[in-house]
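A short write-up of the structure that comes next.
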There are 2 protein chains.
Amino acid sequence: MEQRIERIKKQLHSQSYKLTPQREATVRVLLEHEEDHLSAENVYMLVKEKSPEIGLATVYRTLELLSELKVVDKINFGDGVSRYDLRQEGAAHFHHHLVCIECGSVDEIQEDLLEDVEKVVEKEWNFYIKDHRLTFHGICYRCRDKKEE
Amino acid sequence: MEQRIERIKKQLHSQSYKLTPQREATVRVLLEHEEDHLSAENVYMLVKEKSPEIGLATVYRTLELLSELKVVDKINFGDGVSRYDLRQEGAAHFHHHLVCIECGSVDEIQEDLLEDVEKVVEKEWNFYIKDHRLTFHGICYRCRDKKEE
DNA sequence: GTGTCAAACGAGAATTATTATAAAATTATT
DNA sequence: AATAATTTTATAATAATTCTCGTTTGACAC
């Protein structure tokens with residue numbers, strides 16, 4: 001945890017940004033909820049518990065900044081809210097998501113899976129891929145189990 | 001064109017919805033701009049040209065309805081606006097997109113490409129896939145050509 | 001055709017997420 | 001400690017979308 005914060009601090013400094021207490025508090029919340037897909041509002045409320053003086057705009061700016069630095073990914077599942085997801089350190093590519101249309105849960109797939117597809121796209125469409133977003137909508141294992149009962 | 005409208009009309013009727021003049025005008029705009037990825041505002045302005053009395057809320061309501069019926073897909077490229085895309089008739093799956101980070105163009109890939117990936121996901125994650133969204137971000141062939149000049 | 005009733009519409013208000021603004025506070029540096 | 005630049009706070013502004021509600025329309029029975 002401390003090491004990751006330290007590395008993020010260095011990353012900020014290398015572009016002459018500061019790791020202010022507000023930014024650190026925000027990063028800590030993201031690290032503590034790595035599994036989740038928090039909205040800006042979610043992050044705001046969680047940060048407020050530890051640092052009640054923080055403003056919503058600061059959280060937005062911090063998330064925007066972290067997004068630019070590729071520390072987090074800003075994603076959108078079509079529910080009108082942006083969600084922010086910590087990138088795995090050293091991950092070349094963005095991970096995928098499984099959104100359950102029954103219970104609304106969002107699971108992550110860290111494996112790449114798209115290598116072959118990307119080769120085809122690069123070749124057939126002459127498109128130089130920098131990043132990708134892949135989301136599956138369907139029914140998760142939990143809801144499937146429930147139905148069998 | 002007329003046949004597709006006729007089929008959409010039947011689809012609406014089968015769920016006891018009406019194809020009102022406003023709805024028909026909206027569908028016509030979508031058919032005429034099948035290549036594009038129009039926002040609700042875009043659609044509204046185009047429909048207004050032919051049917052100036054139409055209201056913005058009606059366009060939103062119609063797009064929402066068509067989205068429920070799977071006639072259009074509501075997509076979100078992360079620019080804060082929802083876009084609406086006609087589904088290919090009979091297409092089992094939603095098509096993919098290539099978003100160029102230089103010129104902002106959006107191209108479509110109609111081929112499935114994900115069959116193998118989906119098999120893996122269904123099996124390994126025990127997830128029953130109903131639909132998917134796949135978007136690549138990168139540099140399109142037009143911008144690549146430009147750079148070589 | 002006319003009456004009826006639910007569905008759909010239009011106009012504008014309301015809501016929600018996000019961004020901009022400006023004054024005050026903080027930070028690193030001298 | 002003073003300075004200058006960055007960052008924060010609080011609030012206002014904006015933009016996309018949805019809601020409300022009084023009015024209109026369309027489909028069907030008579």
Side-chain angles (χ1 to χ4, degrees), chain A residues 8-29 37-48 50-69 71-85, chain B residues 5 8-29 37-69 71-85:
Chain A
I8 290 169
K9 183 174 180 176
K10 281 197 184 115
Q11 218 179 328
L12 284 163
H13 281 162
S14 76
Q15 319 241 356
S16 56
Y17 293 115
K18 299 164 191 168
L19 183 64
T20 63
Q22 292 89 338
R23 285 176 184 168
E24 184 173 333
T26 305
V27 170
R28 274 178 197 281
V29 163
H37 301 82
L38 302 173
S39 67
E41 191 74 31
N42 292 156
V43 175
Y44 174 57
M45 292 198 297
L46 288 165
V47 178
K48 270 223 139 182
K50 300 268 177 89
S51 317
E53 5 44 73
I54 203 170
L56 177 57
T58 300
V59 171
Y60 269 102
R61 272 186 307 246
T62 302
L63 291 171
E64 189 60 36
L65 178 62
L66 293 173
S67 189
E68 271 168 38
L69 295 177
V71 172
V72 304
D73 281 300
K74 188 174 176 178
I75 43 177
N76 206 305
F77 293 125
D79 59 353
V81 207
S82 291
R83 294 176 183 281
Y84 299 85
D85 216 353
Chain B
I5 290 182
I8 290 169
K9 184 173 180 178
K10 282 199 184 115
Q11 217 179 330
L12 284 164
H13 281 161
S14 76
Q15 319 241 355
S16 55
Y17 291 116
K18 302 165 191 168
L19 184 63
T20 63
Q22 291 91 338
R23 285 176 185 169
E24 185 172 332
T26 306
V27 170
R28 275 180 196 280
V29 163
H37 302 83
L38 303 172
S39 67
E41 192 74 31
N42 293 157
V43 175
Y44 174 58
M45 292 196 300
L46 288 166
V47 177
K48 270 223 140 182
E49 290 175 10
K50 301 269 177 89
S51 315
E53 7 41 74
I54 202 169
L56 177 58
T58 300
V59 171
Y60 269 103
R61 276 183 300 236
T62 301
L63 291 171
E64 190 58 37
L65 179 60
L66 294 173
S67 188
E68 270 168 40
L69 294 177
V71 172
V72 304
D73 281 300
K74 189 174 176 179
I75 42 177
N76 205 305
F77 293 124
D79 59 352
V81 207
S82 291
R83 295 175 183 282
Y84 298 85
D85 217 354

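Throughout, protein chains are lettered first and strands after them, A, B, ... in sequence-line order, and every chain is numbered starting at 1.
Atom CD1 of I8(B) is separated from atom NE2 of H13(B) by 12.5 Å, given to the nearest 0.5 angstrom. Taking CG of N76(A) as the start and OG of S82(B) as the end, the distance is 8.0 Å to the nearest 0.5 Å.
The outermost nucleotides of DNA chain C lying under 4.0 Å from heavy atoms of chain B, listed 5' to 3', are dA7(C) to dG12(C).
For Y84(B) and dA16(D), the OH to C1' distance is 10 Å, given to the nearest whole Å. One atom, OH of Y44(B), and another, P of dA16(D), lie 14 Å apart when rounded to the nearest Å. dT7(D) atom P lies 15 Å from atom CD of E24(A), rounded to whole Å. In this structure, E64(B) places its CD atom 13 Å from C1' of dC19(D), rounding to the nearest Å. Between the P atom of dA16(D) and the CD1 atom of I75(B) lies a distance of 17 Å, rounded to the nearest Å. dT17(D) atom P lies 11 Å from atom CG of N76(A), rounded to whole Å. Between M45(B) atom CE and dA16(D) atom P there is a gap of 10 Å when expressed in whole angstrom units. In this structure, L65(A) atom CG and dT6(D) atom P are separated by 13 Å, rounded to whole Å.
Taking 4.5 Å as the limit, every side-chain heavy atom of L12(A) sits out of range of all side-chain heavy atoms of V71(A).
Where V81(B) and R61(B) each meet DNA chain D at their nearest nucleotide, the meeting point lying more 5' is that of V81(B).
Residues passing the salt bridge (Lys or Arg N to Asp or Glu O under 4.0 Å) test with K50(B), sequence neighbours excluded: E32(B). The side chain to side chain donor-acceptor pair (under 3.5 Å) search around T20(B) returns none, not counting sequence neighbours. Residues forming a side chain to side chain donor-acceptor pair (under 3.5 Å) with K48(A) (at least two apart in sequence, or on another chain): Y44(A). Considering only residues two or more places apart in sequence or on other chains, E24(B) meets the side chain to side chain donor-acceptor pair (under 3.5 Å) condition with R28(B). Scored by the side-chain contact (heavy atoms from CB on, under 4.5 Å) test, S39(A) finds E41(A), N42(A), V81(A), R83(A) as partners (sequence neighbours excluded). Take D85(A) and apply the side chain to side chain donor-acceptor pair (under 3.5 Å) test, not counting sequence neighbours, and it matches H37(A), H95(A), H97(A).
Atom CZ of F77(B) sits in a crowded spot, with more than 12 heavy atoms from other residues, nucleotides or ligands closer than 6.0 Å.
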Determine, step by step, whether T26(B) and I54(B) satisfy the side chain to side chain contact (heavy atoms under 4.5 Å, CB included) criterion, reporting the C-alpha distance in whole Å, the side-chain angles of both residues, the deciding distance to 0.1 Å, and the verdict. CA-CA 10 Å; T26(B) 306; I54(B) 202 169; 4.1 Å; yes
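In terms of heavy-atom proximity, R23(A) sits nearest to K18(A) at NH1-O, 2.7 Å. Among all heavy-atom pairs drawn from V47(A) and A25(A), the shortest one is CG1-CB, 3.9 Å.
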What donor-acceptor contacts under 3.5 angstrom involve side-chain atoms of residues 61-69 of chain B, with partners at least two apart or in another chain?
from   : atom 1 : to     : atom 2 : distance (Å)
R61(B) : NH2    : T58(B) : OG1    : 3.3
T62(B) : OG1    : T58(B) : O      : 2.8

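Axis angle across the helix from dG1(C)-dC30(D) to dT30(C)-dA1(D), with five pairs used at each end and values rounded to 10°: 30°.
Heavy atoms of S82(A) sit under 4.0 angstrom from primed sugar atoms or phosphate atoms, though from no base atom.
Near DNA chain C, defined here as any heavy-atom distance below 4.0 Å, the residues from residues 52-60 of chain B are E53(B), I54(B), G55(B), A57(B), T58(B), listed numerically. For DNA chain D, the residues of residues 10-22 of chain A within the heavy-atom distance limit of 4.0 Å (strictly under) are Y17(A), K18(A), T20(A), Q22(A), sorted by number.
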